[in-house]
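Remarks on the structure that follows.
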Amino acid sequence: GCVMSMCRCVVFGVFALLLSGSGIAVADNELRFGDIHLKVVDIYGEQELSESHGLVGFAHRTLNLLHPPTRKRIINSELLFATGDLFSEEQLAETERNLRGLGFLNHVTITPLDTLADGSVPIEVSVQETWTLSTQFSYSKSSSSSRWTALMSDTNFLGNGVQLEA
């Protein structure tokens, strides 16, 4: 929220200072989005896996293997900017909100990287997957019958960003 926006403003200000000190004449309104780098982290990232041992580590690795990753086209379709567009902090913040709003991504960060000499600002979009499959089982018994119910739903079915219930 506010802290991320403040951090982005500080980072953006540092980029502008570096450019002005380097003798490159790039006005704030001339900065453009550069290449967009997408980083998708599994449900359990490298750090969590390195700290997980034994049965817990095995379970984390297995869940990562079973969970189909979100397709890059789903994430790219939520980006409100493209390479070559005028740079906008507001678009970065709104895109982060949109990606979080999908409900199946955690730890969404969009970070401007080092401003290049041509005034382009490469962007890193980093998201972490979350478990999207849920199940529900129930059993009821009356005097004349027994009833079993099993429900399954996935809010990111096969990584396509669609919900499936059965």
Side-chain angles (χ1 to χ4, degrees), residues 1-19 31-116 120-137 150-166:
C2 293
V3 173
M4 275 313 259
S5 293
M6 190 176 356
C7 288
R8 264 200 220 97
C9 287
V10 168
V11 168
F12 184 69
V14 169
F15 289 150
L17 268 170
L18 289 173
L19 280 176
L31 291 178
R32 301 220 173 246
F33 285 105
D35 291 336
I36 300 166
H37 308 279
L38 184 57
K39 178 182 174 187
V40 180
V41 179
D42 284 329
I43 295 171
Y44 296 99
E46 291 177 26
Q47 181 179 353
E48 291 166 304
L49 290 176
S50 69
E51 296 170 356
S52 302
H53 304 287
L55 187 57
V56 171
F58 175 76
H60 288 176
R61 285 175 184 75
T62 302
L63 289 172
N64 276 351
L65 288 172
L66 291 175
H67 184 269
T70 302
R71 308 228 187 263
K72 290 184 178 184
R73 66 177 167 76
I74 300 301
I75 296 169
N76 285 330
S77 71
E78 294 296 321
L79 301 182
L80 300 177
F81 52 86
T83 300
D85 290 351
L86 283 176
F87 184 84
S88 165
E89 286 289 326
E90 293 79 20
Q91 285 180 321
L92 294 179
E94 185 64 27
T95 298
E96 275 190 10
R97 283 190 288 276
N98 290 351
L99 288 170
R100 282 190 195 98
L102 292 174
F104 49 80
L105 298 172
N106 280 329
H107 306 292
V108 176
T109 57
I110 301 179
T111 309
L113 303 176
D114 200 11
T115 305
L116 303 178
S120 65
V121 182
I123 302 295
E124 180 181 78
V125 178
S126 178
V127 298
Q128 184 172 12
E129 300 278 353
T130 188
W131 190 254
T132 58
L133 182 65
S134 63
T135 57
Q136 180 181 359
F137 298 98
L151 301 172
M152 291 180 66
S153 70
D154 192 340
T155 57
N156 187 17
F157 184 65
L158 297 177
N160 287 302
V162 296
Q163 183 167 344
L164 178 72
E165 294 182 2

Inset, instruction - With sequence neighbours excluded, tell me which residues meet side chain to side chain donor-acceptor pair (under 3.5 Å) with Arg61. - result: none

Legend entry - Interatomic spacing from CG in Asn64 to CD1 in Ile43 - rounded to 0.5 Å: 6.0 Å

Inset, instruction - Please round to the nearest 0.5 Å and tell me the distance separating atom CD of Glu124 and atom CG of Leu38. - result: 9.0 Å

Legend entry - Closest non-hydrogen atom pair between Gly57 and Ser52, with its separation: CA-CB, 3.5 Å

Legend entry - Passing option when Ile123 is tested against Thr111, Ile110, Thr83 for side-chain contact (heavy atoms from CB on, under 4.5 Å): Ile110

Inset, instruction - Calculate, to the nearest 0.5 Å, the distance between atoms CG and CD belonging to Leu92 and Glu89 respectively. - result: 5.5 Å

Inset, instruction - Measure the CZ-CG distance between Arg32 and Leu86 for me, rounded to the nearest 0.5 Å. - result: 4.0 Å

Under 3.5 Å, which donor-acceptor pairs do the side chains of residues 67-74 form with other protein atoms, sequence neighbours left out?
residue	atom	partner	partner atom	Å
His67	NE2	Thr130	O	3.3
Thr70	OG1	Glu129	OE1	2.9
Thr70	OG1	Glu129	OE2	3.2
Thr70	OG1	Asn156	ND2	2.7
Arg71	NE	Asn160	OD1	3.2
Arg71	NH2	Leu158	O	3.2
Arg73	NH2	Asn160	OD1	2.5

Inset, instruction - Using the test ring-ring contact (aromatic ring centres under 6.0 Å, His included), find all partners of Tyr44 that sit at least two apart in sequence or belong to another chain. - result: His60

Inset, instruction - Would you please name every residue forming a side chain to side chain donor-acceptor pair (under 3.5 Å) with Ser134, sequence neighbours left out? - result: Ser153

Inset, instruction - Only counting residues at least two apart or in another chain, list the ones meeting side chain to side chain contact (heavy atoms under 4.5 Å, CB included) with Glu94. - result: Leu80, Arg97, Asn98

Inset, instruction - Search all heavy atoms of Asp114 against all heavy atoms of Pro122 and return the closest pair with its distance. - result: O-CD, 3.2 Å

Inset, instruction - Please report the closest heavy-atom contact between Gly34 and Ser120, naming both atoms and the distance. - result: CA-CB, 3.9 Å

Inset, instruction - Could you tell me how the ring of Phe33 sits relative to the ring of Phe87: parallel (under 30°), tilted (30 to 60°) or perpendicular (over 60°)? - result: tilted

Inset, instruction - For a side-chain contact (heavy atoms from CB on, under 4.5 Å) with Ile75, tell me which candidate from Leu102, Val127, Val108, Thr95 qualifies. - result: Val127

Inset, instruction - State the CG-OG distance between Leu31 and Ser88, to the nearest 0.5 angstrom. - result: 11.5 Å

Inset, instruction - Mind checking the CG-CH2 spacing from Leu66 to Trp131? Nearest 0.5 Å is all I need. - result: 5.5 Å

Inset, instruction - Check side chain to side chain donor-acceptor pair (under 3.5 Å) between Thr155 and all other residues, then give those that pass, not counting sequence neighbours. - result: none

Inset, instruction - Any pair with a residue in residues 94-114 that passes ring pair (Phe, Tyr, Trp, His ring centres under 6.0 Å), sequence neighbours left out, goes on the list, sorted by first then second residue, please. - result: none

Inset, instruction - Please identify each residue that fulfils side chain to side chain contact (heavy atoms under 4.5 Å, CB included) with Thr135, with sequence neighbours left out. - result: Phe137, Met152

Inset, instruction - Return yes if some donor-acceptor pair links the side-chain N/O of Gln128 with the main-chain N/O of Leu105 below 3.5 Å, else return no. - result: no

Legend entry - Non-neighbouring partners of Glu46 that pass side chain to side chain donor-acceptor pair (under 3.5 Å), sequence neighbours left out: none

Inset, instruction - State which residues pass side chain to side chain contact (heavy atoms under 4.5 Å, CB included) with Gln47; sequence neighbours excluded, sorted by chain then number. - result: Glu51

